[in-house]
Amino acid sequence: MERIDNLDRRILSLIMNNARYPSKDIALECGVSRAAIHMRIQRLIEMKVITGSGYNVDERMLGYNTCTYVGVRLEKGSLYRDAVKELEKIPEIVECHYTTGPYSMLIKVFAKDNQHLMQLLNDKIQHIPGVTETETLISLEQSLDRQIAVKPIPGKKK
C-alpha cells in the first residue's frame, strides 16, 4: 500500500514552491477542507516526507560573494565520518556529500571573497586529519535551484 497518495503529492507540489501558501488556498485548489490539508501536512511531517521549512536567504546579501564546490580526497574512505565532524565546525560549509569517483567528498562552501576562500582551504579544510588533496571549483552563476518534482501517479485518484 502506498504511503503517499495523489492528494499528498498535490499538496507537496504546492507547498514545495511556496511554504507560505495559505492552507485555505491549498484546500480550494485540492477540493478538500482546510482541516484535511492541515492533517495531511502534519502526517507528512510525522512520516518525515517533509523534513523542514523556512526561508531561503541570499548569501550574497550577507556578504558571501563566492560560492564554491570543493572536491576533497581522503587518505582512506573510512576517515569520512571523522572528517565530517571537523567540517561541521566550519560554518561556511553548507553541504557535504560522500561520493564515488575522484573525490571522497564534495562540499559546498560560501566565502566572502577569494582571500576568505583561500583561508578556509589552507587554514581549515586542508588541516583536517586524513585530507590529502582538495580541488576547488568556483560557481560563476547558479542557474537552477529546485527540488525534485512531485507528480501524481497516473490512474490513481487519491
Side-chain angles (χ1 to χ4, degrees), residues 1-74 77-112 116-117 120 125 128 134-158:
M1 179 171 161
E2 186 178 41
R3 294 170 44 187
I4 301 172
D5 63 21
N6 278 343
L7 178 56
D8 293 327
R9 290 173 179 275
R10 180 74 179 128
I11 293 166
L12 286 169
S13 70
L14 293 169
I15 64 175
M16 284 170 58
N17 292 320
N18 180 1
R20 293 180 282 181
Y21 204 133
S23 295
K24 66 179 178 63
D25 294 345
I26 297 170
L28 281 172
E29 198 149 334
C30 293
V32 298
S33 70
R34 189 190 308 184
I37 296 300
H38 179 72
M39 287 173 40
R40 291 287 185 129
I41 290 173
Q42 283 307 120
R43 185 174 62 81
L44 291 167
I45 291 169
E46 289 167 10
M47 292 169 57
K48 298 193 186 325
V49 174
I50 297 173
T51 58
S53 64
Y55 298 99
N56 294 323
V57 175
D58 185 340
E59 295 82 3
R60 292 170 298 178
M61 297 303 289
L62 299 175
Y64 292 88
N65 296 304
T66 304
C67 173
T68 62
Y69 294 87
V70 180
V72 178
R73 288 194 176 97
L74 295 175
S78 61
L79 296 172
Y80 170 72
R81 295 203 192 291
D82 293 332
V84 168
K85 287 177 188 171
E86 295 302 313
L87 292 170
E88 286 174 340
K89 296 175 185 175
I90 305 169
E92 293 88 350
I93 297 174
V94 297
E95 288 184 28
C96 176
H97 302 268
Y98 189 37
T99 61
T100 62
Y103 310 114
S104 305
M105 305 161 64
L106 186 65
I107 59 176
K108 184 176 181 179
V109 180
F110 284 101
K112 293 184 182 275
H116 182 212
L117 175 62
L120 289 169
I125 297 169
I128 294 173
T134 61
E135 183 174 354
T136 305
L137 303 130
I138 295 177
S139 172
L140 300 175
E141 177 180 38
Q142 181 177 349
S143 303
L144 273 176
D145 181 17
R146 63 181 179 195
Q147 294 187 38
I148 193 74
V150 178
K151 297 179 181 180
I153 298 171
K156 290 202 172 194
K157 293 280 183 197
K158 288 185 183 178

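The residues of the chain are indexed from 1 along the displayed sequence.
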Subject >> Contacts of Asp145 that satisfy salt bridge (Lys or Arg N to Asp or Glu O under 4.0 Å) - sequence neighbours left out >> reply: none
Backbone N or O of [Y] within a donor-acceptor pair of the [X] side chain at under 3.5 Å?
| X | Y | value |
| --- | --- | --- |
| Glu141 | Ser143 | no |
| Ser104 | Arg73 | no |
| Asn6 | Pro152 | no |
| Arg60 | Asn65 | no |
| Asn18 | Leu14 | no |

Mind checking whether [X] and [Y] have side chains closer than 4.5 Å, heavy atoms only?
| X | Y | value |
| --- | --- | --- |
| Leu106 | Val72 | no |
| Glu135 | Val70 | no |
| Arg34 | Ile26 | no |
| Lys108 | Ile93 | no |
| Leu12 | Ile50 | yes |
| Lys112 | Glu92 | no |
| Ile128 | Leu79 | no |
| Cys67 | Ile138 | no |

Value rounded to 0.5 Å, distance of [atom1] in [X] from [atom2] in [Y]:
| X | Y | atom1 | atom2 | value |
| --- | --- | --- | --- | --- |
| Ile41 | Tyr21 | CD1 | OH | 11.5 Å |
| Ile11 | Ile4 | CD1 | CD1 | 11.0 Å |
| Ile90 | Leu120 | CD1 | CG | 7.0 Å |
| Arg3 | Leu44 | CZ | CG | 10.0 Å |
| Ile45 | Ser53 | CD1 | OG | 7.0 Å |

Original post:
What do you reckon, is CE of Met39 surrounded by more than 12 foreign heavy atoms closer than 6.0 Å?
Top reply: no
**OP:** Apply side-chain contact (heavy atoms from CB on, under 4.5 Å) to the pair Leu137 and Thr68, showing each step before the final yes or no.
**Re:** CA-CA 6 Å; Leu137 303 130; Thr68 62; over 6 Å; no
Original post:
Can a donor-acceptor pair be found between the side chains of Glu95 and Tyr69 at a distance below 3.5 Å?
Top reply: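 Their side chains do not contain a donor-acceptor pair, so the 3.5 Å distance test is not met.
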Original post:
Would you call Asp25 and Arg20 a salt bridge, using N to O less than 4.0 angstrom?
Top reply: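 Judged by the 4.0 Å cut-off on N to carboxylate O distance, Asp25 and Arg20 do not form a salt bridge.
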Subject >> Arg10 with Glu29: basic N within carboxylate O range, under 4.0 Å >> reply: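 Yes.
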**OP:** Show your working on side-chain contact (heavy atoms from CB on, under 4.5 Å) between Arg40 and Leu7 and close with a plain yes or no.
**Re:** CA-CA 9 Å; Arg40 291 287 185 129; Leu7 178 56; 3.6 Å; yes
**OP:** Begin from the C-alpha positions of Arg43 and Asp8 and carry the test salt bridge (Lys or Arg N to Asp or Glu O under 4.0 Å) through to its verdict.
**Re:** CA-CA 10 Å; Arg43 185 174 62 81; Asp8 293 327; 2.4 Å; yes
Minimum-distance pair of heavy atoms, taken over all atoms of [X] and [Y]:
| X | Y | result |
| --- | --- | --- |
| Met105 | Leu87 | CE-CD1, 3.0 Å |
| Cys96 | Val84 | SG-CG2, 4.0 Å |
| Val150 | Ser13 | O-CB, 3.7 Å |

**OP:** Would you please test Ile125 and Ile107 for side-chain contact (heavy atoms from CB on, under 4.5 Å) and show each step?
**Re:** CA-CA 10 Å; Ile125 297 169; Ile107 59 176; 3.9 Å; yes
**OP:** List the steps and the verdict of side-chain contact (heavy atoms from CB on, under 4.5 Å) for Thr66 and His116.
**Re:** CA-CA 9 Å; Thr66 304; His116 182 212; over 6 Å; no
**OP:** With sequence neighbours excluded, give me every ring-ring contact (aromatic ring centres under 6.0 Å, His included) pair touching residues 79-103.
**Re:**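 Residue pairs with at least one partner in residues 79-103: Tyr80-Tyr98.
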